[in-house]
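Input: a single structure, listed below in structure tokens.
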Amino acid sequence: MIKTKLQAPLKRLLPKTLALLVAGLLGACASTTPQQDLTPGSARNALPRNWSPVPNADAGLSAAQPKVVADAADIAHPLLEDSLQPGVAIDLNEARASADLWVRLRNGFAMPELDNNGVRRAEIWYSSRPDYVQRMTDRGGRYLFHVIEEVEKRGMPTELALLPFVESAFNPQAMSNAKASGMWQFVPATGRDFALKQNIFRDDRRDVLASTRAALDYLGRLHKMFGGDWQLALAAYNWGQGNVQKAITRNQKAGLPTDYDNLKMPDETRYYLPKLQAVKNIVLAPQKFGLSLPAMSNHPYFLSVILDRDIDVDLAARLAGMKVDEFKQFNPQMNKPVMLAAGTNQMLLPYDNAKAFAEGLAAHSGPLASWTAWTVTQTMSPAAAAKQIGMNEALLREINMIPPRMLVKQGSTLLVPRAAHRIEDVSEHMAENASINLAPDTPALRRVSYKAGKAETVESMASRYRVSPAQVAEWNKVGVKASFNPGQSVVMYTPFASKRVAMAKPNAAVKPANAAKAPSPGKVGNKPMGGRTVAAKFNGGILPSGLAARQMSKK
């Protein structure tokens, strides 16, 4: 069963339309095929209904205290509400719903003005790219109302609602070279610090509502940390709180001011606030820069559709009457072709598409999800895993992003097709904690030392033992073009019991320096080796068996 929680439409909802939508949703509850039913006692079957009657003043109920109904007979009209104000009815007949959202945004500006050459530079950059600004603001229009709502709820200056324009051009699927993701550009570690789940099924850094909550939580913490100075808080958001604190400490020791203008910081951070100020200036007076802003009404752009069953992304998009790429603009956190109700219990859709989804779901008679999760019970090759579950190996590798020459370690979670014996939805524990761990599918290596012969070089040793010059150079901490002195100890790593190494015997001038002390197969030093994925120690670190060496040779 998949239920829709109307959070706010794009247009005025007529009674006839409401009745149709309610009917569609109720039909959807009965449309799921029996084989898709959850096991008895599933917590997801106990989810409360998401329809409530219009509050009845005679019954003493306020808009903030809606009556929860338990069956269809009690349903009159759905309560239109926004996820940021649950339980509070939205009346689109009110004047505020059709007000200009840009005006509301401008009225909340409260940060100190910045006026310098960096601001002029950013203004010129934006004003010379009207097409870019148009795309950026059109895209931002989908999310800006919700960001402003969150900002105002926290009593923050509304300039912060403009920050995604600077961070990602309001693109929730943006990914930087530093692996920062989403419209607020969280790096993985900071995302985890603010409860943004990142696993094989989803990345909440790209989730519009979750990332907005996390970003404003983070900015609020930084604002408090730096004594209520928004400029320092924003510099820390870009550069890192530790770096800003170090810069402040340096200035304190030197007897210098510790405000934003006087701190030494990277050019990117120095230019960060001017870019935000330039965007603010454009919002205040777009005509001054030869630009125009798209009209935005003061109400939510999308609805939240509550999921309590797993569903394929392709199917959800088709039922909503959307292309998959467009669907992912509203639900960019999905990493796989299936949405798991136990992990992400809602998807976002514009009103018309949410209505189409409800109607399409009511008419849909097939399975909702063709994928499920499977835990690997022992370390195995992708070929063996594919054979065990009856799946094409190439597809298994592609859907789970498994590189060549890698093993899937025990306990990993793989996305696999559903089958007659594998029909239940993915559990909450697996949806929240699933991971895939890989190991090189190559023999274990051992460390061997040889004495170099006359005119021995890195390249000659590499050629003899069929490895790359880069590997030999790395193992011996020398250059790729280096030569060895006669009798010099040369470190090599070779597979255990390898025919290749046995064939590539050293010549008379190159003899093992530690032949008598060479470790027996199965050991490195006095420590027993593990299975095929065990690595040998070198240069104070770990050399993965085979794969890292091949990657080094390519470099």
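In what follows, every heavy atom counts, from backbone to side chain, and hydrogens, waters and symmetry copies are set aside. Nothing fancy with the numbering, it's 1 onward along the sequence.
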* Is Glu474 reaching over with its side chain to a backbone N or O of Gln471, donor-acceptor style, under 3.5 angstrom? -> no
* So do Trp371 and Met339 actually touch side chain to side chain, heavy atoms under 4.5 Å? -> no
* Short side-chain to backbone donor-acceptor contact, Asn437 and Lys409, under 3.5 Å -> no
* Non-hydrogen side-chain atoms of Thr344 and Leu307 separated by less than 4.5 Å -> no
* Structure fact -> Taken to the nearest 0.5 Å, the spacing of Arg270 CZ from Asn238 CG works out to 11.5 Å
* Modelled atom types, side-chain donor and acceptor of Ser460 and Ser463, under 3.5 Å -> no
* To do: Mark yes or no for whether Ser127, through its side chain, and Glu123, through its backbone, hold a donor-acceptor pair below 3.5 Å.
  => yes
* Test item: Asn199 side-chain N/O and Ala431 main-chain N/O as donor-acceptor pair under 3.5 Å -> yes
* Flag the pair Arg418 and Glu424 as a salt bridge only when some basic side-chain nitrogen lies within less than 4.0 angstrom of an acidic carboxylate oxygen. => no
* Any Lys/Arg nitrogen of Lys280 or Glu113 sitting under 4.0 Å from an Asp/Glu carboxylate oxygen of the other? -> yes
* **pair Ile402-Leu414: side-chain heavy atoms closer than 4.5 Å** => yes
* Distance (rounded to the nearest 0.5 Å) between Asn400 CG and Leu438 CG -> 9.5 Å
* Could you tell me whether the side chain of Ser181 and the main chain of Met175 form a donor-acceptor pair under 3.5 Å? => no
* To do: Please name the pair of heavy atoms, one in Ala316 and one in Phe327, separated by the smallest distance, quoted to 0.1 Å.
  => CB-CZ, 3.8 Å
* Asked: Are any side-chain N or O atoms of Gln410 and backbone N or O atoms of Thr377, one a donor and one an acceptor, separated by less than 3.5 Å?
  -> yes
* **Ring geometry between Trp184 and Tyr237 (parallel below 30°, tilted from 30 to 60°, perpendicular above 60°)** => perpendicular
* Are any non-hydrogen side-chain atoms of Tyr132 and Tyr126 less than 4.5 angstrom apart? -> yes
* What's the spacing between Leu114 CG and Asp261 CG if we round to 0.5 Å? -> 6.5 Å
* **Pairwise side-chain contact, Ser483 with Glu456, heavy-atom cut-off 4.5 Å (strictly under)** => no
* Do the side chain of Asp204 and the main chain of Asp207 share a donor and acceptor less than 3.5 angstrom apart? -> no
* In plain terms, say whether Arg202 and Glu432 are close enough for a salt bridge, that is, a side-chain N and a carboxylate O under 4.0 Å apart. => yes
* Structure fact -> By side-chain hydrogen bond (donor to acceptor under 3.5 Å, both in side chains), Gln173 pairs with (sequence neighbours left out) Gln329
* **Working for side-chain contact (heavy atoms from CB on, under 4.5 Å), residues Asn476 and Met461** => CA-CA 11 Å; Asn476 292 277; Met461 292 292 290; over 6 Å; no
* Apply the test side-chain contact (heavy atoms from CB on, under 4.5 Å) to residues Ile311 and Val338: give CA-CA distance (whole Å), side-chain angles for both, the deciding distance (0.1 Å), then the verdict. => CA-CA 6 Å; Ile311 184 170; Val338 63; 6.0 Å; no
* Structure fact -> To the nearest 0.5 Å, atom CZ of Phe165 lies from atom CG of Leu163 at 11.0 Å
* Asked: Are side-chain heavy atoms of Ser449 and Met492 found at a separation under 4.5 Å?
  -> no
* Can Asn281 and Gln277 be said to form a side-chain contact (heavy atoms from CB on, under 4.5 Å), step by step? -> CA-CA 6 Å; Asn281 293 345; Gln277 181 68 53; 2.9 Å; yes
* To do: Output yes when Arg206 and Asp203 qualify as a salt bridge under the 4.0 Å nitrogen-oxygen rule, no when they do not.
  => yes
* Heavy-atom neighbours of Arg120 CZ exceed 12 at 6.0 Å -> yes
* **Backbone of Ala434 reached by a side-chain donor or acceptor of Thr413 within 3.5 Å** => no
* Leu209 vs Thr212, side-chain contact (heavy atoms from CB on, under 4.5 Å): CA-CA, chis, key distance, verdict -> CA-CA 5 Å; Leu209 300 183; Thr212 297; 5.9 Å; no
* **Glu459 bridged to Lys481 by N-O distance under 4.0 Å** => yes
* **Heavy-atom side-chain contact between Leu222 and Val244 under 4.5 Å** => no
* Modelled atom types, side-chain donor and acceptor of Asn251 and Thr258, under 3.5 Å -> no
* Is it true that Lys323 and Glu326 make a salt bridge, defined as a side-chain N closer than 4.0 Å to a carboxylate O? -> no
* Summary of side-chain hydrogen bond (donor to acceptor under 3.5 Å, both in side chains) pairs that have at least one residue in residues 215-234, sequence neighbours excluded -> Arg154-Asp217, His223-Trp230
* Looking only at heavy atoms, what is the nearest atom pair of Asn392 and Ala386, with distance? -> C-CB, 4.2 Å
* Asked: Asp310 side chain to Val426 main-chain N or O, any donor-acceptor pair under 3.5 Å?
  -> yes
* **Charged tip of Arg129 within 45° of Trp125 ring normal and under 6.0 Å** => yes
* Min side-chain heavy-atom separation Thr375-Ser412 under 4.5 Å -> no
* Taking the six-membered ring of Tyr493, is NZ or CZ of Arg446 closer than 6.0 Å to its centre and within 45° of its axis? -> no
* Arg142 charged N/C atom sitting above Phe330 aromatic ring, 6.0 Å / 45° -> yes
* Asked: In Å, rounded to the nearest 0.5 Å, how long is the span from CG of Leu196 to CZ of Arg213?
  -> 5.5 Å
* Got a donor-acceptor contact below 3.5 angstrom from the Arg205 side chain to the Arg192 backbone? -> no
* To do: Can you establish whether the number of heavy atoms outside Asn117 located under 6.0 Å from its atom CG is more than 12?
  => no
* Structure fact -> In terms of heavy-atom contacts, Tyr271 and Gly118 come closest through CE1-O, 3.5 Å
* Structure fact -> Interatomic distance, CZ@Phe226 vs CD@Gln241, rounded to 0.5 Å, equals 6.5 Å
